[in-house]
Amino acid sequence: MSELRVRFAPSPTGYLHVGGARTALFNWLLAKNKGGTFILRIEDTDVERSTKESVDAILEGMQWLGLEWDEGPFYQSDSFPLYKEHVQKLLDAGKAYKCYCTAEELDAKRNLAMQEGRKPKYDGTCRERAEQPEGQPYVVRFRAPQGGVTAFDDLIKGTITFPNEELDDLIIQRTDGTPTYNFCVVIDDASMNITTVIRGDDHVNNTPRQIQLYEALGFPVPQFAHVPMILGSDKARLSKRHGATSVIAYRDMGFLPEALLNYLVRLGWSHGDDEIFTMDEMIQKFDIGNVGRSASVFNTEKLLWLNAHYIKNSDPERLADLLLPHLSSRGVTTLGGPDLMAVVKTLQERAQTLVEMAERAVFYYNAPDSYDEAALAKFDKEQLLAVLSAVTEKLSSSAVGDAAEVDGLFKEVCSENGWKMGQVGQPVRIALSGGTQAPGIGEIAITLGVTETVRRIKRMQEFVAGK
RNA sequence: GUCCCCUUCGUCUAGCCUGGCCCAGGACACCGCCCUUUCACGGCGGCGACACCGGUUCAAAUCCGGUAGGGGACGCCA
């Protein structure tokens with residue numbers, strides 16, 4: 001194990017969304033690549049908005065993706081005493097001070113500053129305050145350095161420099177005595193010995209403040225890597241109105257975890273022209289320095305393509321297991337029907353999602369109770385009946401072992417009667433599946449079994465005859 | 001408004017650091033053709049981008065400056 005220690009630190013105010021998942025993935029990949037440690041930390045200092053349900057949802061998402069963590073989950077809410085202790089330390093050292101300005105006063109000042117086009121920063125009213133009013137509510141503010149600049153070398157974006165005068169004295173402890181985010185993060189990352197902080201782009205502006213805190217506290221400053229955001233198709237920050245954003249929603253839509261992971265890793269990161277990565281390849285090739293600097297648009301089409309790829313190349317047995325819930329949610333029972341694994345094999349090349357596969361699998365278990373009339377209308381009634389009986393006869397009188405042999409039988413029927421394959425295959429496909437979009441007839445017949453195949457053809461024969 | 005960041009095909013991106021091999025490569029999508037009993041898979045081909053303006057240079061997507069556009073942050077949220 002190397003010294004590298006990274007963490008994923010979501011706040012439990014919702015489910016795990018794809019942006020968070022990608023951040024988690026990058027952290028996880030870097031840890032795996034460097035033999036480091038990946039830590040999961042729940043940032044629940046906002047007691048109001050944090051929920052147990054969200055924690056569970058996040059853990060569920062992480063587990064589904066297979067992003068297992070080495071340490072944690074740790075909860076910030078368990079560390080309140082630790083934060084308090086460090087606030088006191090700063091207070092004692094004169095690096096922090098009590099501020100008695102009310103929230104209302106601050107709001108007013110902020111609005112005024114915005115209106116006048118000034119930077120809405122704290123004006124330092126209590127910074128040099130001599131008398132400390134007794135029993136008055138106060139917040140604790142960090143006494144930020146006044147001049148100079150704070151800079152850091154971002155692993156993704158390069159050197160970023162902030163003039164210190166842009167940074168005001170941030171609140172590190174609220175009136176109610178609870179610590180604030182920027183302070184907790186620093187204490188946690190320092191006490192967990194985090195060496196590399198990989199997080200969303202939206203934290204770039206917090207970084208200089210946090211660096212100042214590290215320095216005031218005497219902690220070593222970690223390295224930072226800020227990953228760009230994920231946008232919706234309209235280039236606005238990805239949100240629910242762009243469609244699903246929760247990783248669990250993608251699971252429910254029939255995506256494979258490896259497909260989502262592969263999609264996510266290529267969103268912002270690249271390794272030459274490579275598109276498909278196994279987990280091992282991802283780990284081996286991942287380099288935080290190859291993450292792009294600009295935001296990227298989430299594109300479901302490409303995700304679908306990847307999903308189709310992984311479905312095509314997955315073990316049918318595993319797919320069968322994963323398909324089961326999608327089948328039963330459609331009220332389909334596989335009991336007494338064809339072997340699900342055999343069914344999956346006929347569908348692997350034709351489905352982009354498990355949901356689509358389930359839809360296409362239904363006819364195997366529920367014989368069609370209606371037929372695609374438009375497709376049927378293309379054939380003459382007498383001709384249809386002749387074809388169907390020729391096929392049943394052929395099928396009933398021959399022993400077949402695999403799909404190719406069945407197809408051979410159909411060719412025989414064609415040549416014996418002078419028919420074209422289109423005249424024979426299509427009606428039978430409709431008889432077996434109800435429609436025209438299905439696997440090859442040989443595949444269907446073998447999967448269904450000759451007995452059931454013949455039964456279905458006869459059923460349509462009756463249907464056609466009775467018209 | 002202020003600060004920070006970003007800008008190559010519709011989308012994801014390679015190339016940019018270490019100028020010439022780039023009249024810019026790959027992938028998704030789209031279009032066409034082939035394969036084919038349907039739907040798919042697959043194969044082949046096509047469409048399509050260096051935001052703009054200056055500068056440096058024999059030579060710039062690549063270096064420098066500016067402009068425009070986009071995003072983010074400015075909270076007793078995280």
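Worth saying up front: this structure is predicted, and the values here are computed from it rather than measured. Below, chains carry the letters A, B, ... as their sequence lines are ordered, and counting in each starts from 1. Side-chain atoms are counted along with the backbone in the values below, which use heavy atoms only and exclude waters and symmetry mates.
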For a quick check of understanding: with a heavy-atom distance under 4.0 Å over all strands, which category does [X] fall into, base, sugar-phosphate or nothing?
X	answer
A/Lys235	sugar-phosphate
A/Leu267	sugar-phosphate
A/Ser270	sugar-phosphate
A/Glu275	base
A/His226	nothing
A/Val204	sugar-phosphate
A/Arg266	base
A/Thr436	base
A/Asn206	base
A/Ser233	nothing
A/Arg49	base
A/Gly292	nothing
A/Pro439	base
A/Lys121	nothing

In whole angstrom, give the distance that lies between atom [atom1] of [X] and atom [atom2] of [N].
X	N	atom1	atom2	result
A/Tyr263	B/rC12	OH	C1'	6 Å
A/Asp107	B/rC76	CG	P	8 Å
A/Gln437	B/rU37	CD	C1'	14 Å
A/Asp201	B/rG72	CG	P	10 Å
A/Asp234	B/rG71	CG	P	10 Å
A/Leu304	B/rA40	CG	P	14 Å
A/Phe152	B/rA73	CZ	C1'	12 Å
A/Lys109	B/rG75	NZ	C1'	16 Å

Pick out which of A/Thr150, A/Asp168, A/Asp169, A/Asn182 makes a side chain to side chain donor-acceptor pair (under 3.5 Å) with A/Arg209.
A/Asp168
Flag the pair A/Val332 / A/Asn366 as yes when at least one side-chain heavy-atom distance between them is below 4.5 Å, and no otherwise.
yes
Are A/Val391 and A/Gln461 packed together at the side-chain level, in the sense that at least one heavy-atom pair is separated by less than 4.5 angstrom?
no
Using both distances under 3.5 Å as the test, list the Watson-Crick or G-U wobble partner of [N], or none.
N	result
B/rA24	none
B/rU36	none
B/rU18	none
B/rU62	none
B/rA68	B/rU7
B/rC30	B/rG46

Does a side-chain N or O from [X] land closer than 4.0 Å to OP1 or OP2 of [N], or not?
X	N	result
A/Lys302	B/rU13	no
A/Thr45	B/rA78	yes
A/Arg141	B/rG75	no
A/Ser296	B/rU13	yes
A/Arg293	B/rC5	no

Under the criterion side-chain contact (heavy atoms from CB on, under 4.5 Å), I'd like the reasoning laid out for A/Ile444 against A/Thr453: C-alpha separation, chi angles, the key distance, then a yes or no.
CA-CA 8 Å; A/Ile444 301 178; A/Thr453 300; 5.9 Å; no
Show the nearest heavy-atom pair for residues A/Leu16 and A/Met62, with the distance to one decimal.
CD2-N, 3.7 Å
Does this structure show an ion pair linking A/Asp123 with A/Arg110, if we count only N-O contacts that are shorter than 4.0 Å?
no
Looking at A/Glu452 and A/Arg456, is there a salt bridge between them, counting it only when a charged N and a carboxylate O are closer than 4.0 Å?
yes
Let me know, please, whether A/Val297 or A/Asn205 comes out on the 5' side of the other along RNA chain B by nearest nucleotide.
A/Val297
Assign B/rC74 to syn or anti; the rule is syn for a glycosidic angle within 90° of 0 and anti otherwise.
anti
